[in-house]
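In what follows, a single structure is set out as structure tokens and then discussed.
What you are looking at is a predicted structure, and each value in this text was computed from that prediction instead of being measured.
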Amino acid sequence: MHGHSWRANAVTMRLFINGFGRIGRTILRQIVGVKVGQGTTVVGINDIAPIKTCAYLFQYDSTFGPFTDPVATSDGKLTVGMIDIPFHCARDLRQIDLTGVDVVLECTGVARTKDVAQHGLAAGAGAVLISGPSPAAEVTVVIGANDVDLGMARIVSNASCTTNALAPLLALLDNTYGIDRAHMTTTHCYTNSQPMIDAPRGDLARSRAGALSIVPTTTSAMAATRQILPHLADKITGSALRVPTASVSAIDLVAQLQLMPQDAVADIRELAEASPVMGWTDQPLVSSDLRGRPESLILALPETQVTGAQLRLMGWYDNEWGFSARMLDMAHRMAARS
């Protein structure tokens with residue numbers, strides 16, 4: 001397998017994690033456990049759940065396994081290994097002094113309005129990075145797709161895990177071969193938006209028990225991808241299948257191209273190697289083999305198929321670990337701006 005391991009750059013960065021759920025905890029695991037965050041200091045965490053509950057869920061993770069270093073709580077601090085991190089339980093981030101924080105990682109999932117998204121700035125932080133699509137963001141940026149759009153925006157959306165998998169691939173294909181039209185299907189793990197047993201939801205299919213059925217549904221990645229790559233907006237469609245697995249998802253892309261690669265597998269592998277966020281594998285892997293990978297997308301080369309001007313590609317992505325790695329990448333870019 002060829003891929004890119006996340007590496008922190010030379011920027012010294014002070015982060016604050018607002019929302020200690022799946023993404024917030026995974027980000028801290030990467031900074032402290034994998035030690036990819038040299039120069040990065042987590043100056044605080046905020047979550048409305050009790051600190052002991054948050055510490056327990058960080059230490060014992062059903063997807064990634066137990067955290068190897070000791071985890072403890074005392075006097076309003078979460079201690080991970082030898083690192084003490086102040087822990088807050090504020091419902092309004094403006095109640096916390098964030099002066100000197102470079103980037104707030106907004107991982108609560110509730111920053112849907114400009115008022116809420118600006119709370120980190122109002123508390124004194126330099127910028128806010130939202131861990132999902134948000135209409136309140138000044139700009140939505142996906143590394144490998146529209147990096148140049150970041151500019152000096154202070155409220156940025158990191159889009160979604162599926163958008164981070166899809167948009168860089170579409171950008172590479174369009175820049176190299178030209179896309180006439182394309183359709184993407186994501187085979188996605190169940191998430192907390194689905195119930196464990198049948199229960200009312202706005203989307204009737206998503207009201208069914210997430211661990212018992214394949215659930216056809218929509219994906220927010222299409223709206224975000226059209227925003228990120230507006231010149232492809234009228235050429236791409238997408239759908240989703242939620243499946244009974246807890247981690248690692250996949251995209252299946254069928255594209256009509258203006259030019260076709262001479263050797264599809266070799267050429268696609270070369271494109272992936274040139275990307276800062278993509279990888280590839282030539283092995284017959286299954287989803288659990290890709291757990292904990294930091295890439296936005298890992299192309300499964302044996303799944304490549306060509307029919308006339310139609311190219312079919314399939315790729316894996318760890319929808320939590322890979323997305324969290326991109327959050328850290330983006331935060332470094334934001335902190336490095338002059």
Could you check whether any side-chain N or O of T304 sits under 3.5 Å from a backbone N or O of V265, counting only pairs where one atom can act as donor and the other as acceptor?
no
Can you check salt bridge (Lys or Arg N to Asp or Glu O under 4.0 Å) on R226 and D234, steps first, answer last?
CA-CA 8 Å; R226 293 185 181 108; D234 297 331; over 6 Å; no
Min side-chain heavy-atom separation M184-M222 under 4.5 Å
yes
Between E138 and R154 (salt bridge meaning N to carboxylate O under 4.0 Å), is one present in this structure?
no
Taking atom types as modelled, is there a side-chain donor on R201 or S193 under 3.5 Å from an acceptor on the other?
no
Within the distance-only criterion (no hydrogens, no angle test), does the side chain of R181 pair as donor or acceptor with the backbone N or O of I236 below 3.5 angstrom?
no
So does M260 have more than 12 non-hydrogen atoms from other groups sitting under 6.0 Å from CE?
yes
Would a distance-only check, ignoring hydrogens and angles, find a side-chain to backbone donor-acceptor pair under 3.5 Å from N146 to V142?
yes
Taking all non-hydrogen atoms of both residues, which atom of S220 and which atom of P133 are closest, and how far apart?
OG-CG, 4.0 Å
E303 side chain vs A300 backbone, donor-acceptor pair below 3.5 Å:
no
Answer with yes or no whether the side chains of N158 and S131 bring together a donor and an acceptor at under 3.5 Å.
no
Please enumerate all residues that pass side chain to side chain contact (heavy atoms under 4.5 Å, CB included) together with A255, with sequence neighbours excluded.
A182, L257
Check this for me: Q95, atom CD, are more than 12 non-hydrogen atoms of other residues, nucleotides or ligands nearer than 6.0 Å?
yes
Determine, step by step, whether K77 and D75 satisfy the salt bridge (Lys or Arg N to Asp or Glu O under 4.0 Å) criterion, reporting the C-alpha distance in whole Å, the side-chain angles of both residues, the deciding distance to 0.1 Å, and the verdict.
CA-CA 6 Å; K77 292 183 179 180; D75 300 324; over 6 Å; no
Applying ring pair (Phe, Tyr, Trp, His ring centres under 6.0 Å), which residue pairs with at least one partner in residues 77-102 are found, sequence neighbours left out?
F16-H88
Just do the salt bridge (Lys or Arg N to Asp or Glu O under 4.0 Å) check on R208 and D198 with the steps written out, would you?
CA-CA 4 Å; R208 306 299 295 279; D198 294 357; 3.3 Å; yes
Would one find more than 12 heavy atoms of other residues, nucleotides or ligands at under 6.0 Å from atom CD of Q262?
no
Side-chain donor-acceptor pair present, R291, S247, cut-off under 3.5 Å:
yes
Looking only at side-chain N and O atoms, does T217 offer a donor or acceptor that is under 3.5 Å from a partner on R242?
no
Output yes when a side-chain donor or acceptor of S324 lies under 3.5 Å from a complementary backbone atom of E320, and no otherwise.
yes
Would you say D115 and T113 are linked by a side-chain donor-acceptor pair, where the criterion is simply a distance under 3.5 Å?
no
Between T185 and D252, is there a side-chain donor-acceptor contact under 3.5 Å, judged purely by atom types and distance?
no
Keeping D47 on the side-chain end and F20 on the backbone end, is there a donor-acceptor pair under 3.5 Å?
yes
